[in-house]
Chemist: 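Supplied in structure tokens, the structure appears directly below.
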Number of protein chains: 2
Amino acid sequence: MRITGDQALVKKLNKSIVLDTIRRKGPLSRTDVSEKTGLNKATVSNLTLELIEQNLVEETGLGESSGGRKPLMLLFNGSAGCVIGVELSVTRVKAILTDLKGTILQEHVLPLGQLDEDAVFEVIGKVIQPLIDAAPQTTHGIVGIGIGVPGMVDESGLILYAPNLNWEGVDLKSRIEEKYNVPVVIDNEANAGAAGEREYGAGRHVRHLVYVSAGMGIGSGMIIDGQLYKGAWGYAGETGHMSIESDGRLCSCGNQGCWELYASERAYSYTSLPALTTAERVEQAKVGDASTLEMYEEIGRRLGIGVTNLVNGFNPQKIVVGGPLTEAKAWIEPKMLATIAKRALPYHRRELSISFSELGSRSAVLGAAHLAVAQFLGRVRVSV
Amino acid sequence: MRITGDQALVKKLNKSIVLDTIRRKGPLSRTDVSEKTGLNKATVSNLTLELIEQNLVEETGLGESSGGRKPLMLLFNGSAGCVIGVELSVTRVKAILTDLKGTILQEHVLPLGQLDEDAVFEVIGKVIQPLIDAAPQTTHGIVGIGIGVPGMVDESGLILYAPNLNWEGVDLKSRIEEKYNVPVVIDNEANAGAAGEREYGAGRHVRHLVYVSAGMGIGSGMIIDGQLYKGAWGYAGETGHMSIESDGRLCSCGNQGCWELYASERAYSYTSLPALTTAERVEQAKVGDASTLEMYEEIGRRLGIGVTNLVNGFNPQKIVVGGPLTEAKAWIEPKMLATIAKRALPYHRRELSISFSELGSRSAVLGAAHLAVAQFLGRVRVSV
DNA sequence: AGAGTTATTATAGGTTTTTATTTTGAAAGT
DNA sequence: ACTTTCAAAATAAAAACCTATAATAACTCT
């Protein structure tokens, strides 16, 4: 049974168009909104009224006139509610409290000891609670919690498999929803990062975006036509296990020559250098250690090779590279860009833009927060 | 200015839902349609009436009752119109005339001599004209022409680049539309093939499908959530130029280790055997020529490696392999499947199905024809 | 033959957009 | 100072479509 059309749908659609337009392009007058959206002025007036009643939009005062009555400018009111964004990694739980515009109001981090479900659940609670307590009094209160996790998440939010946590089939969503009585969205860390960069970072206004998160492994979040692509069962984006060397290194996944063995922190263990963290390696790079520089150059090259594969296959508008590895950006970037420039198909490359994360280590938390905002604001989309 | 909601949209949406339901699951009664779609019975009745007036649906008689009035069964009337599907390759132009259900009514092929735009245009005309003349008298007549071409096509139907034809920026669509005064859809050969297999072949009822077309090169058509994914500018699917060997063979595209150098007919030229066509190679394989068998085994392995990459990155529901190379299916398949079974991520593999083209050399023409049908029937889609 | 089921159609009611009209507000001209 | 002019926003009436409910039609079973 699919979504059918009725007046309620029409109104929901138009209302979400009006809100979205004001949110992205405001301040605008009602007439501006009408012109930009194609909706009738009367319709915009009605819907705006409701949005103002919901406190999601506010009139900020008079704008400039071009010869008649001055327009009343409308602005999205990000302060009408709050959300919490959580990033769950293997070592720690990071959470932020933001308003509906993504302004970070408060941040809180705790280390993670044991990784069993109950222990993690408890830590999440300890990280979140202070944020909930600190949330300002707003019209809608805390409207949702978004969580990014290092693993595969299906469409319903069930964590199917998180190898690094040793989790399989964990329904964190329901547990948190029950405890806090607030809608919860759970997604993969890379998907959350992609959402974050697309909404608040390097991918603003981009419709087709691939976010590559390089850390202990590589994962990708793909935004297609403005929407996260999750594949048939929610496991899309495991590009770290794309083979770029048919008979290359053996990976724990069973495949050979996986991209992440050459282009993530996992590549460290294949060098003769003692396995260090990225922070330590970066120190070595800063003092000009030759073998470290060489290693980062090779990582850059391999990153470029993998990104080229994504570019040729996907034809995205933009590639954003993020994740812990990007601390070493300075030593990785030149070779990566050169490799892509040399290898990617000319037409694909022509209008492609490549950049590094703008939100740094906050891509995923901000993205998780945004997923919750997006669910609250409720976007309707139609294609003909 | 995006699509806004009004009653016309609602009606269009619901009508397309009703038609689609009858088309895919018919014969059904009005009540069945109401239950399956969630639309009110009265609404279904109204819309069905209009569809019957348009001759797109017909009442086929009474069905079985389970204790009350017998239902009037409804069926999609594929004979209400015709379309023409064209496959343009480097050596020939193939075209078919089908009804709206994809039944092939007539077929016509002509070889291609010169490859300049005018010459090709003329041959297309010669192939199409007899089909147009042969088209039966129907309510809607010839409702569209769909064309699959070996190159990249943007969203507007402009052929941006077709290396094998040496074309760049050719607006075949407008020329044919002007001449025949009928809507024309143009897409990449792999995309057409994907559409064909999804509608009439191995991918029926599949929402997330990747079609891999292996011939002189490799191209992929990706169907995401039932819709062809074209990327930011229409060039998605050039997976043949995904590198599976970072420092491998040099490709004409500028990249190294491109998949198609190892897993398409282009691999032939890297063997010590004289470069033969697939037809000839298959003959050799049939008589058990050792080096040919070995070669096909290697091609199978490499195909498997590339397919694994697509599976891990995309998480499709189904992979369909087609194209001229699949004439050698018997010698390729075992190794390909074994490679995928060994290399693909367990969760991705679990519910994945892999098969070869069911439509054989007709995937692309049938797909092209279907693209025209789909445009005529006009599908509206909503997501919340 | 009559009661119970199921399919389809008819009618009325409600919601929403659109079109047309009116009101409000500000600047410019007389 | 008052009117005119232009544009923004609000209001009122009209049209379109879906839903709910009821009515009718057709059939099965006892």
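Sequence lines set the chain letters: A, B, ... in the order given, protein chains first and strands last, and positions in each chain run from 1.
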Chemist: Which part of the nucleic acid does A:L49 contact within heavy-atom distance under 4.0 Å: base, sugar-phosphate only, or nothing?
Modeler: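 The residue A:L49 makes no contact with any strand.
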Chemist: What is the distance from CD1 of B:I52 to C1' of C:dT8, rounded to the nearest Å?
Modeler: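 Spelled out: CD1 on B:I52 to C1' on C:dT8 is 12 Å.
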Chemist: Just how far, in rounded Å, is P of D:dT24 from CZ of B:R30?
Modeler: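 Rounded to the whole Å, the gap is 19 Å.
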Chemist: Scan A:K41 against the nucleic acid and name what it touches under 4.0 Å (heavy atoms): base, sugar-phosphate only, or nothing.
Modeler: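 Nothing, no heavy atom under 4.0 Å.
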Chemist: Atom CE of B:M73 to atom P of C:dT6: distance rounded to whole Å?
Modeler: 15 Å
Chemist: Among B:D187, B:N188, B:N191, whose side chain to side chain donor-acceptor pair (under 3.5 Å) with B:K230 holds?
Modeler: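 Only match with B:K230 under side chain to side chain donor-acceptor pair (under 3.5 Å): B:D187.
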Chemist: Judged by modelled atom types alone, do B:Q54 and B:K15 share a side-chain donor-acceptor pair under 3.5 Å?
Modeler: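 A donor-acceptor contact under 3.5 Å links the two side chains.
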Chemist: OP1, OP2 of C:dT9 versus side-chain N and O of B:S45: anything below 4.0 Å?
Modeler: yes
Chemist: Is a side-chain donor-acceptor pair under 3.5 Å present for A:T43 with A:N46?
Modeler: no
Chemist: What string of B, S and - do you get for nucleotides 14-19 of chain D, 5' to 3', if B is base contact, S is sugar-phosphate-only contact and - is no contact with any protein heavy atom under 4.0 Å?
Modeler: -BBBSB
Chemist: Assess the pair A:Y235 and B:F314: is the distance between their ring centroids shorter than 6.0 Å?
Modeler: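 Distance test on ring centres: not under 6.0 Å, no.
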Chemist: CD of A:E59 versus C1' of D:dA9: gap in Å, rounded?
Modeler: 10 Å
Chemist: Below 3.5 Å, can you tabulate the donor-acceptor pairs from side chains in residues 375-384 of chain B to any protein atom, sequence neighbours excluded?
Modeler:
residue: B:R381; atom: NH2; partner: B:D225; partner atom: O; Å: 2.9

Chemist: Against A:V57, only a single residue in A:L49, A:V18, A:L19, A:L47 fulfils side chain to side chain contact (heavy atoms under 4.5 Å, CB included); can you say which?
Modeler: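 Considering A:L49, A:V18, A:L19, A:L47, a side chain to side chain contact (heavy atoms under 4.5 Å, CB included) with A:V57 is found only for A:L19.
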Chemist: What is the distance, to the nearest angstrom, from the CG atom on A:D32 to the P atom on D:dA8?
Modeler: 8 Å
Chemist: Expressed in angstrom and rounded to an integer, what is the separation of A:E50 atom CD from C:dT16 atom P?
Modeler: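 Taking atom P of C:dT16 as the reference, CD of A:E50 is at 7 Å.
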Chemist: Taking CG from B:L28 and C1' from C:dT8, how many angstroms apart are they, rounded to a whole number?
Modeler: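 After rounding, the gap between these two atoms is 16 Å.
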